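Reviewing the structure listed below.
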Amino acid sequence: MVALVPTMGALHAGHASLIKAAAERADQVVASLFVNPTQFGPNEDYDRYPRTFDADCRLAEQAGATAIFAPAVEEMYPAGSLTFVEVATLSDRLDGQSRPGHFRGVATVVTKLLVAAEADMAFFGQKDAAQVAVLRRMAADLLIATELVVCPIVREADGLALSSRNAYLSPVERQQALVLSAALRQVNELFRAGVRESEALMAIARKVLSTEPEVREDYVALVDWATLEARTTAEPGNLFALAAYVGQTRLIDNLILG
Ligand code: AMP
């Protein structure tokens, strides 16, 4: 059994949790380290995305990876490449709405990585919940037999979801960023208390985000996790997702209700 764990490097304990989960299920675990240019917009952070290859190799190996795949851009996109994978409609929702072309880049690179690794299984984090929806749809549509496994969000002790982009945060911003997970905790409490109206759940999330004036909402949404369509009434299994800028840094976080 071959398991693939696709990453863009700058590995942290969230990535390690995927590699560990993969090592429990498969005898060969390929961790890919590839900062995929096609999933970045023209004004995004492709050039300055953290690249920590040596530390990544150590972390991946310690977590149980048996192979590292760190291709060059020209290997993944041979000269004259014309083929892309596009999951219509879904790719324009949530992060796809804020980042046009992002999910086209993700779907394309994940397809290539699955083929290159001949993966029986591939492991992804719930952290990127919209990505999970896009990739599940893609795998079903393209008759891709690889089993997609989704692992829970790994957080710092104070609630902040681990992200390679947390490295961009100043100490002050790091503190401000706590409102994202705090907002989700409030949403979870309301949901547990029986509140089902999306307006009420989104309002509490926005209220918590607004306690930090330096944090700017990108989106707050309650959606069906499979279709990413907005829901007016929340049900267990729905995705409550948010994205916000903390200074220049765009962070995402989410909660699966119930
Ligand atoms: P990235 O390197 O950011 O492209 O992420 C590679 C994989 O790690 C994706 O499937 C992410 O969802 C997953 N991942 C990133 N952060 C976390 C986290 N805090 N907990 C769990 N998985 C994560």
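Here the structure is a predicted model, which means the values were calculated and not measured. Start at 1 and go down the list; that is how both ligands and their atoms are numbered.
When only non-hydrogen protein atoms are considered, atom 10 (O) of ligand 1 lies nearest to Gly125 N, 2.9 Å. What sits closest to atom 23 (C) of ligand 1 on the protein, heavy atoms only, is Lys127 CB, 3.9 Å. At the shortest separation from atom 12 (O) of ligand 1 among protein heavy atoms lies Asp128 OD1, 2.7 Å.
Contact check on Arg137 versus Asp141 returns a salt bridge, with a Lys/Arg side-chain nitrogen under 4.0 Å from an Asp/Glu carboxylate oxygen. A salt bridge is defined here as a Lys NZ or Arg NE, NH1 or NH2 lying under 4.0 Å from an Asp or Glu carboxylate O, and Asp56 with Arg51 fails to meet this definition. Under a 4.0 Å N-O distance rule, the pair Arg155/Asp253 qualifies as a salt bridge. Residues Asp95 and Arg250 are paired through a salt bridge, judged by an N-O separation under 4.0 Å between the basic side chain and the carboxylate. At a threshold of 4.0 Å, the pair Arg231-Glu235 counts as salt-bridged, since one of the basic side-chain nitrogens sits closer than that to a carboxylate oxygen.
Residue contacts with ligand 1, taken as heavy atom pairs separated by less than 4.0 Å, involve Pro152 solely via the backbone atoms N, CA, C and O. The residue Gln126 has no part lying near ligand 1, judged by heavy-atom distances below 4.0 Å. At a 4.0 Å heavy-atom cut-off, ligand 1 touches Leu18 through the side chain alone. With a heavy-atom cut-off of 4.0 Å, His15 touches ligand 1 through its side chain alone.
Near Met8, with a cut-off below 4.0 Å to any heavy atom, the atoms of ligand 1 are 1 (P), 2 (O), 4 (O). Close contacts between ligand 1 and Pro6 involve ligand atoms 6 (C), 7 (C) [criterion: under 4.0 Å to a heavy atom]. Shown in contact with Leu162 at under 4.0 Å from a heavy atom are these atoms of ligand 1, numbered in order with element: 16 (N), 17 (C), 18 (C), 19 (N).
By the 3.5 Å distance cut-off applied to N or O atoms, Cys151 is not counted among the residues near ligand 1. At least one N or O atom of Val154 sits closer than 3.5 Å to an N or O atom of ligand 1. Considering backbone and side-chain atoms alike, Phe124 places every N or O at 3.5 Å or more from each N or O of ligand 1. No N or O atom of Ala161 sits closer than 3.5 Å to an N or O atom of ligand 1.
Atom CZ of residue Arg99 and atom CG of residue Asn43 lie 12.0 Å apart, to the nearest 0.5 angstrom. To the nearest 0.5 Å, the span separating OG on Ser163 from CD on Glu156 amounts to 10.5 Å.
Evaluated for a side-chain contact (heavy atoms from CB on, under 4.5 Å) with Asn254, the options Leu239, Val132, Leu180 yield exactly one hit, Leu239.
Judged by the 6.0 Å distance and 45° axis criteria, Arg174 is not positioned over the aromatic ring of Tyr168.
Put simply, part of His12 is less than 4.0 Å from ligand 1, judged by heavy atoms.
Panel note: side chain Thr146, backbone Ala119; a donor-acceptor pair is recorded below 3.5 Å.
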